[in-house]
Peer 1: 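What follows is a single structure, and I will ask about it in a moment.
A quick note: this is a predicted structure, and the numbers were derived from the prediction, not measured. These values consider heavy atoms only, across backbone and side chains, with no hydrogens, waters or symmetry-generated copies. A note on names: the letters A, B, ... follow the listed sequences, proteins ahead of strands, and every chain is numbered from 1.
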Amino acid sequence: MSNEKKLVEAITSMDVDFAQWYTDIIKKADLADYSSVRGCMIIRPYGYAIWEFMQKDLDARFKETGHENVYMPMFIPESLLQKEKDHVEGFAPEVAWVTHGGKEELAERLCVRPTSETLFCDHYANIIHSYRDLPKLYNQWCSVVRWEKTTRPFLRTLEFLWQEGHTAHATAEEAQEETIRMLNVYADFCEQTLAIPVVKGKKTDKEKFAGAKATYTIESLMHDGKALQSGTSHNFGDGFARTFGIQYTDSANKLQYVHQTSWGVTTRLIGAIIMVHGDDNGLVLPPKIAPVQLVVIPVQQHKEGVLPKAEEIKARLQKNVRVKIDDSDRMPGWKFSEHEMRGVPLRLEIGPKDIEKNQCVLVRRDTREKFFVSLDEMEAKVEQLLMDIQRDLLEKARALRDKKTYTALSLDEFSRIIEETPGFIKAMWCGEQACEDALKEKTGATARCIPFEQENLADTCVCCGRPAKHLVYWGKAY
RNA sequence: CGGGGUAUAGCGCAGCUGGUAGCGCACGUGGUUUGGGACCAUGGGGCCGGAGGUUCGAGUCCUCUUACCCCGACCA
C-alpha cells in the first residue's frame with residue numbers, strides 16, 4: 001500500500017505487532033468475539049456472512065463435480081474410532097469425550113468428532129455392495145472439535161466449522177483422480193474467489209494425515225511470511241476399506257475393496273483472508289465474498305434531496321451488487337474509516353455537490369483510489385471496479401508471495417532466510433525424515449509441501465548433501 | 001504442556017507505603033454540525049475475573065483458581 005498516513009488508530013500496525021494487528025482486525029471488523037469457553041469463539045454476523053458466501057461458492061463447486069451433502073452424528077463410539085490404528089493415534093491427544101448422559105455414566109464413551117472418517121466408513125460398509133453403488137461422493141458441512149492446547153480466532157479454535165468430503169471409488173485410479181480433482185477445486189476457489197494464491201503439492205510422510213496413503217495440500221503465504229495450510233485432500237487407498245470391511249462385488253462377481261478419499265477446508269480460510277489481504281486500516285475483502293460490496297455514504301444527509309438520492313442509487317445498484325446505505329448520524333469521516341476497517345471493497349459518496357453535478361464519488365478500499373463518476377455511468381463503473389479489485393487483490397497477493405519466496409542452496413542460507421526474511425523457502429531434499437527433523441530442529445521450518453511444479457535447484461539435499469529427490473517448499477507455519 | 005505478561009464501566013487505561021473508585025472513548029437526551037473518526041450541555045453505568053486468607057478496614061498484601069495475550073513444543 002501507499003505510505004499515506006494511517007488514519008485510524010484503533011488498529012495496531014502490522015509492522016509493530018502482527019499478532020495484535022490480527023486480533024484487532026477481528027474485533028474491530030466485528031468478525032468474531034471470544035466466548036466463555038476457553039479456545040472457542042463466537043462468529044458474529046459479519047464474520048458468519050463471509051463464511052456463508054464461501055460455503056455457497058464451494059457447495060456449488062461440489063455439486064458441479066457430482067457430490068451430495070449428508071449429515072453424520074457428532075458422536076463417535078470409542079470402539080469405532082479405535083478401529084483404524086494410525087488414525088486414532090493421530091487424533092487421540094486432541095479428542096473430547098462424552099462420558100455421561102444426564103447423571104448416568106455411559107457404558108461406552110462417545111468421542112466428539114474431530115473428523116468423521118470412521119462414521120463414513122462404518123456407513124459405507126453398510127450401503128456399498130455392488131460396483132453399481134459406486135462411486136459414493138458425499139460431503140458434509142458441520143463443526144468438529146479438537147482439544148488444542150493453544151488457540152487463535154479462526155486459525156485454531158477448539159471447535160471449528162468446515163466441510164469434509166468423503167468418497168468411495170471402485171479403483172485406485174479413480175480415487176487418485178478424485179483426490180487431485182478436489183485439490184484443484186480448492187486451489188481454484190482460493191485464487192478465483194478468495195484471491196489467495198496457493199502452492200499445490202504433496203505432503204511429506206511426516207506431515208500427512210493420520211491413516212492416509214497420501215495427503216495433498218494447498219499452501220498459502222501470509223503477510224508476515226508464515227505459511228498457512230489452507231486445504232487438504234487425502235487419498236486413503238484401501239486402508240480404511242480393509243479395516244472397516246467396505247467391499248463390493250465387481251462386474252466379474254469378485255469381492256473388491258473400495259478406494260477412498262477425503263478433503264476439507266475450514267473457517268481457517270477466514271484467517272487467511274485477513275492475513276493475506278488486510279492492511280493497517282483494517283480488513284480488505286475480495287468482492288466475491290464481501291457481505292457488503294459497496295457502502296453508500298450520504299454527505300450532509302440532512303440536506304434536502306441527499307437521502308432520497310442515496311436510496312435511488314441503492315435501488316439501482318442492488319440489482320447486481322450487495323449494497324448498503326450508512327445513514328447513521330455519524331460524521332462522514334467516521335463512516336469512511338468504519339467501513340474501511342470492515343473491508344468493504346467500494347465506497348460511494350453522494351452529497352449536495354455531487355447531486356448538482358449529476359455525479360458520485362467512488363473509492364476503492366484496496367488502493368484508496370478515488371473516481372468521480374457520472375451517475376449515468378455508475379452501474380457500469382461499479383461493476384468494473386469490483387472486478388478490478390477482485391483481480392488486483394490476487395495479483396498483489398501473488399506478487400507478495402513471489403517476493404517472499406526464496407531459494408536456499410545451503411543450510412546456512414536456509415537459516416539466514418528464516419531469521420531475516422521469513423517466507424517460503426524452496427530447497428532440495430533427499431527424502432529422509434532425519435533431514436526434515438533436523439531442519440525443523442535448527443530453523444523451526446517445516447516441509448510445507450513437495451510442489452507439483454518441480455524444479456532442480458541442485459543435485460544435493462540442502463541438509464545432508466546426499467542426492468536430492470525433491471524440491472520442497474519449506475516455511476514456518478501457523 | 002513449559003516460560004513470560006495481563007485481568008478495575010461496553011472498550012482503552014489510572015488508582016503511590018491498605019481508608020470504600022476515577023479519566024478518555026463509547027452509550028442516553030437536547031442543540032449546533034456533516035466531503036477523512038465534530039462540538040457544547042447534560043445523564044446513566046463498576047460490590048475492581050473468581051474463591052479463600054491477613055487486617056478495625058483490601059482494587060491495593062498473601063494463597064489458590066479461571067480466562068485471555070505473547071514466545072516455544074503439538075495441530076486445520
Side-chain angles (χ1 to χ4, degrees), chain A residues 4-12 17-20 22-24 26-28 33-41 90-95 114-115 143-164 186 203 206-210 215 217-220 227-234 262-272 281-282 297-303 306-307 326-341 347-355 357 359-361 363 368 370 372 440-441 444 446 476-478:
Chain A
E4 277 178 65
K5 128 174 159 27
K6 193 161 171 274
L7 297 169
V8 177
E9 301 303 327
I11 297 172
T12 307
D17 184 344
F18 193 80
Q20 189 59 49
Y22 178 79
T23 311
D24 283 352
I26 284 167
K27 286 195 285 201
K28 295 293 174 185
D33 202 357
Y34 291 98
S35 74
S36 50
V37 184
R38 176 194 79 86
C40 294
M41 66 171 170
F91 281 101
E94 51 193 49
V95 163
T115 177
S143 75
V144 289
V145 169
R146 298 181 190 176
W147 217 258
E148 301 286 351
K149 282 160 187 169
T150 54
T151 58
R152 296 190 67 189
F154 292 113
L155 297 176
R156 177 162 300 105
T157 47
L158 295 197
E159 182 189 11
F160 57 91
L161 303 181
W162 79 343
Q163 58 66 220
E164 45 180 326
Y186 287 154
K203 284 288 185 189
K206 178 184 164 81
E207 300 283 331
K208 78 175 186 193
F209 180 82
T215 291
T217 177
I218 47 172
E219 297 284 325
S220 53
L228 188 77
Q229 179 175 306
S230 302
T232 47
S233 186
H234 315 287
S262 100
W263 25 275
V265 294
T266 78
T267 37
R268 167 181 260 196
L269 282 173
I270 295 174
N281 295 309
I297 312 280
V299 176
Q300 298 191 37
Q301 62 187 33
H302 59 289
K303 293 254 174 90
V306 174
L307 278 178
D326 186 347
D327 59 359
S328 64
D329 58 5
R330 297 282 194 181
M331 303 294 287
W334 193 93
K335 295 179 188 178
F336 296 167
S337 302
E338 180 68 13
H339 294 98
E340 275 172 18
M341 220 144 48
R347 170 172 92 230
L348 187 153
E349 300 170 23
I350 182 80
K353 281 189 256 171
D354 302 307
I355 294 173
K357 294 186 218 163
Q359 69 169 28
C360 64
V361 181
V363 183
R368 281 247 178 79
K370 219 173 211 188
F372 297 86
K440 178 160 191 193
E441 171 80 16
T446 51
K476 285 198 178 178
Y478 274 100

Peer 1: Could you measure between the two C1' atoms, the one in B:rU17 and the one in B:rU33, and give it in whole Å?
Peer 2: 50 Å

Peer 1: Rounded to the nearest 0.5 Å, what's the gap from CZ on A:F160 to OG1 on A:T266? Could you check?
Peer 2: 6.0 Å

Peer 1: Between atom OH in A:Y478 and atom C1' in B:rC74, what is the gap in whole Å?
Peer 2: 17 Å

Peer 1: Should B:rG28 form a Watson-Crick or G-U wobble pair with both distances under 3.5 Å, which nucleotide is its partner?
Peer 2: B:rU42

Peer 1: Can you give one letter per nucleotide of nucleotides 64-71 of chain B, 5' to 3': B if a protein heavy atom sits under 4.0 Å from the base, S if only from the sugar-phosphate, - if neither?
Peer 2: ---SSSS-

Peer 1: What do the steps show when you test A:V363 against A:F336 for side-chain contact (heavy atoms from CB on, under 4.5 Å), and what is the final call?
Peer 2: CA-CA 10 Å; A:V363 183; A:F336 296 167; over 6 Å; no

Peer 1: Atom CG of A:D329 to atom C1' of B:rC39: distance rounded to whole Å?
Peer 2: 14 Å

Peer 1: Using the P atom in both, what is the distance from B:rA51 to B:rU66, to the nearest Å?
Peer 2: 15 Å

Peer 1: Looking only at atom C1', what distance separates B:rA14 and B:rA9, rounded to whole Å?
Peer 2: 14 Å

Peer 1: Rounded to the Å, how far apart are A:Q301 CD and B:rG35 P?
Peer 2: 11 Å

Peer 1: Relative to the 5' end of RNA chain B, which residue comes earlier, A:T266 or A:P332, by the nucleotide with the nearest heavy atom?
Peer 2: A:P332

Peer 1: Would you classify A:S328 as touching base, sugar-phosphate or nothing, given that sugar-phosphate means primed atoms plus P, OP1 and OP2, and contacts are heavy atoms under 4.0 Å?
Peer 2: nothing

Peer 1: Quick one: A:M341 CE to B:rG36 P, roughly how many Å, whole number?
Peer 2: 17 Å

Peer 1: Answer yes or no: is there a side-chain heavy-atom contact under 4.5 Å between A:K335 and A:R347?
Peer 2: no

Peer 1: For B:rC16, which nucleotide is its Watson-Crick or G-U wobble mate, given both distances must be under 3.5 Å?
Peer 2: none

Peer 1: Using a 4.5 Å cut-off on heavy atoms from C-beta on, say whether the side chain of A:Q229 contacts that of A:Y478.
Peer 2: no

Peer 1: With heavy atoms under 4.0 Å as the rule, sort A:V144 into base, sugar-phosphate or nothing.
Peer 2: nothing

Peer 1: With both distances kept under 3.5 Å, what pairs with B:rG52, Watson-Crick or G-U wobble?
Peer 2: B:rC62

Peer 1: Hey, are the side chains of A:M341 and A:I11 touching, using non-hydrogen atoms and a 4.5 Å cut-off?
Peer 2: yes

Peer 1: So what does A:P352 touch, heavy atoms closer than 4.0 Å: a base, only the sugar-phosphate, or nothing?
Peer 2: base

Peer 1: So if I take every side-chain heavy atom of A:E148 and compare against B:rG36, B:rC74, B:rU34, which nucleotide ends up nearest?
Peer 2: B:rC74

Peer 1: For A:K357, enumerate each residue passing the salt bridge (Lys or Arg N to Asp or Glu O under 4.0 Å) test, keeping only those at least two apart in sequence or located in another chain.
Peer 2: none

Peer 1: Quote, to the nearest angstrom, the C1' distance that separates B:rU20 from B:rC39.
Peer 2: 36 Å

Peer 1: A:Q300 CD to B:rA38 C1': how many Å, rounded?
Peer 2: 13 Å

Peer 1: Would you call A:E340-A:K28 a salt bridge at under 4.0 Å N-O?
Peer 2: no

Peer 1: Please work out if A:E349 contacts a base, only the sugar-phosphate, or nothing of the nucleic acid, heavy-atom cut-off 4.0 Å.
Peer 2: base

Peer 1: Rounding to an integer number of Å, can you tell me how far A:L158 CG sits from B:rC74 P?
Peer 2: 19 Å

Peer 1: Checking all strands, does A:K27 fall into the base, sugar-phosphate, or nothing category for heavy-atom contacts under 4.0 angstrom?
Peer 2: nothing

Peer 1: Evaluate the criterion side-chain contact (heavy atoms from CB on, under 4.5 Å) for residue pair A:I355 and A:I350; output intermediate values, then yes/no.
Peer 2: CA-CA 7 Å; A:I355 294 173; A:I350 182 80; 4.0 Å; yes

Peer 1: Between atom CD1 in A:I26 and atom P in B:rC11, what is the gap in whole Å?
Peer 2: 17 Å

Peer 1: Suppose you measure atom P in B:rG22 against the same atom in B:rC16; what distance do you get, rounded to whole Å?
Peer 2: 14 Å

Peer 1: At 4.0 Å (heavy atoms only), tell me whether A:K370 reaches a base, stays on the sugar-phosphate, or touches nothing.
Peer 2: nothing

Peer 1: Are any non-hydrogen side-chain atoms of A:L155 and A:L228 less than 4.5 angstrom apart?
Peer 2: yes

Peer 1: Using purine N1 to pyrimidine N3 plus N6-O4 or O6-N4 for Watson-Crick, or N1-O2 and O6-N3 for G-U wobble, both under 3.5 Å, which nucleotide pairs with B:rU33?
Peer 2: none

Peer 1: So, using side chain to side chain contact (heavy atoms under 4.5 Å, CB included) as the criterion, who are the partners of A:P114 when residues are at least two apart?
Peer 2: A:I76, A:F91, A:V95, A:C111, A:R146

Peer 1: Could you check which nucleotide pairs with B:rA73 in any of the strands shown, counting Watson-Crick or G-U wobble with both distances under 3.5 Å?
Peer 2: none

Peer 1: In this structure, how many angstroms lie between the P atom of B:rC11 and the CD1 atom of A:I11, rounded?
Peer 2: 18 Å

Peer 1: If the P atom of B:rC69 is compared with that of B:rG30, how far apart are they to the nearest Å?
Peer 2: 40 Å

Peer 1: How far, in whole Å, is B:rC64 from B:rG45 if one measures between their P atoms?
Peer 2: 38 Å

Peer 1: Within less than 4.0 Å of OP1 or OP2 of B:rG36, is there a side-chain N or O belonging to A:R330?
Peer 2: no

Peer 1: Look at all strands and tell whether A:L228 reaches a base, only sugar-phosphate, or nothing, counting heavy atoms closer than 4.0 Å.
Peer 2: nothing

Peer 1: For B:rC70 and B:rC27, measure between their C1' atoms and round to the nearest Å.
Peer 2: 32 Å

